[in-house]
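Below is one structure; the comments refer to it alone.
Whatever order the structure lists them in is the order used to number ligands and atoms, beginning at 1. Only a predicted model underlies this, so the values are computations on that prediction, with no experimental measurement involved. Note that these values count all heavy atoms, side chains included, but never hydrogens, waters or copies made by symmetry.
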Amino acid sequence: MNRVRIIGKALANLPWQERPKNCLAPLWRYTENPIIHRNPLPGVARIFNSAVLPYRDGFVGVFRGEQTNGVPYIYLGRSADGVHWNFEGEKIPFVDESGAPFMPPYAYDPRLVEIEGTYYIIWCQDAYGATLGMARTRDFQTFTRIENPFVPFNRNGVLFPRKINGKYMLLSRPSDSGHTPFGDIFLSESRDLEYWGHHRHVMGKGSQWWQNIKIGGGAAPIETSEGWLLIYHGVTGTCNGFVYSIGGAILDIDNPSRVLYRSGDFLLTPEEWYEERGFVPNVCFPCATLQDADTGRIAVYYGAADTYVGLAFTDVNTIVQFIKEHDAAEAGDREEGRR
Ligand code: BMA
């Protein structure tokens, strides 16, 4: 296969380990996982499902912190190497457009995306039911909320890192109020990040058993010479509850509601103690990647067992080749998703 290119910036200092000899899997785990352990800061019992970006000479991240009263919130973290993190002791202090405090009742599963020099946090919050919250910052000091962009119920909001055909693009997963037993990924577009429309269906749960209950967007899509690389989660049900695995798909570069390829095999599924044992066993929940356009290296950040943060690695050639070789996209995935 021709070499696949990441279209984006170089990032020479991203965390990285070479693929172990004899490893055939498309993602390989960091040997020092988990990178964030229990009780990471006073008043926070667990950090998981979190997102990071390069910032200045190092990295910045938004972290789902489960407080000791059980309520999730988002905490800011900074790191020199993307592996060892220092967290701010207080929740991110969101404000409204006038600068007045504007805190949601809870906030979880944040994603973090840079578009044209502004950083956007997208998370799940209560707005008379679980739905997407969104805020922007330019300096990681002031975090201004974009008031309630969606109505309930919705989760797993993921922004694309650039406009497509002049519009901001967002993946989301319409849900219900509980442990949703269904769910497809949709695409919405906006001229201003406030008003969203032209909603299209991207892809539904798969017929493969590991993703046969629901799916949801994971990390912000990575632009490549083959299309948008989407790392997402797929869920199956067992007699002991849901199991969350990591899946991969490639979306059309100009029309990302069209799936070009979608792996019928998972990329990573719970196997290690920190993925199988925790507050919710058997969860691998990707929320972010770091990537280096020069080498094609990709580091995937994922929540493990709703308790820890893990890191896994791949390179763009390996992951795209795996997705294409295991392609199981169906007619409904390949269509534009307009009705
Ligand atoms: C989902 C979300 C995630 C969580 C997962 C497994 O519904 O709430 O935050 O990781 O369930 O518990």
ask   = Identify the closest protein heavy atom to atom 8 (O) of ligand 1: which residue and atom is it, and at what distance?
value = Tyr108 CE1, 4.0 Å
remark   = ligand 1 atoms nearer than 4.0 angstrom to some heavy atom of Asp306 are 4 (C), 6 (C), 10 (O), 12 (O)
ask   = Going by the atom numbers of ligand 1, which of them fall below 4.0 Å from some non-hydrogen atom of Tyr244?
value = 1 (C), 5 (C), 6 (C), 7 (O), 11 (O)
I want to know if ligand 1 touches [X] in the polar sense, i.e. an N/O pair below 3.5 angstrom.
{"X": "Asp109", "value": "yes"}
{"X": "His179", "value": "no"}
{"X": "Lys214", "value": "no"}

message = Using heavy atoms and a 4.0 Å limit, tell me yes or no: is Arg155 in contact with ligand 1?
response = no
ask   = Judged by atom type as modelled, is there a donor-acceptor pair below 3.5 Å linking the side chain of Ser263 to the main-chain atoms of Phe266?
value = no
query = So, are Glu18 and Arg297 salt-bridged, with charged N and O less than 4.0 Å apart?
reply = yes
ask   = Under 30°, 30 to 60°, or over 60°: which ring-plane class applies to Tyr108 and Tyr106, parallel, tilted or perpendicular?
value = parallel
query = Is the ring centre of Tyr119 less than 6.0 Å from the ring centre of Phe140?
reply = yes
inquiry  = Pairing donors with acceptors under 3.5 angstrom, does anything connect the side chains of Ser225 and Arg3?
reply    = no
key: Verdict with supporting geometry, Ile6 and Thr295, side-chain contact (heavy atoms from CB on, under 4.5 Å)   = CA-CA 9 Å; Ile6 290 175; Thr295 57; over 6 Å; no
query = At a non-hydrogen distance cut-off of under 4.0 Å, which region of Asn49 contacts ligand 1 (side chain, backbone, both, or neither)?
reply = side chain
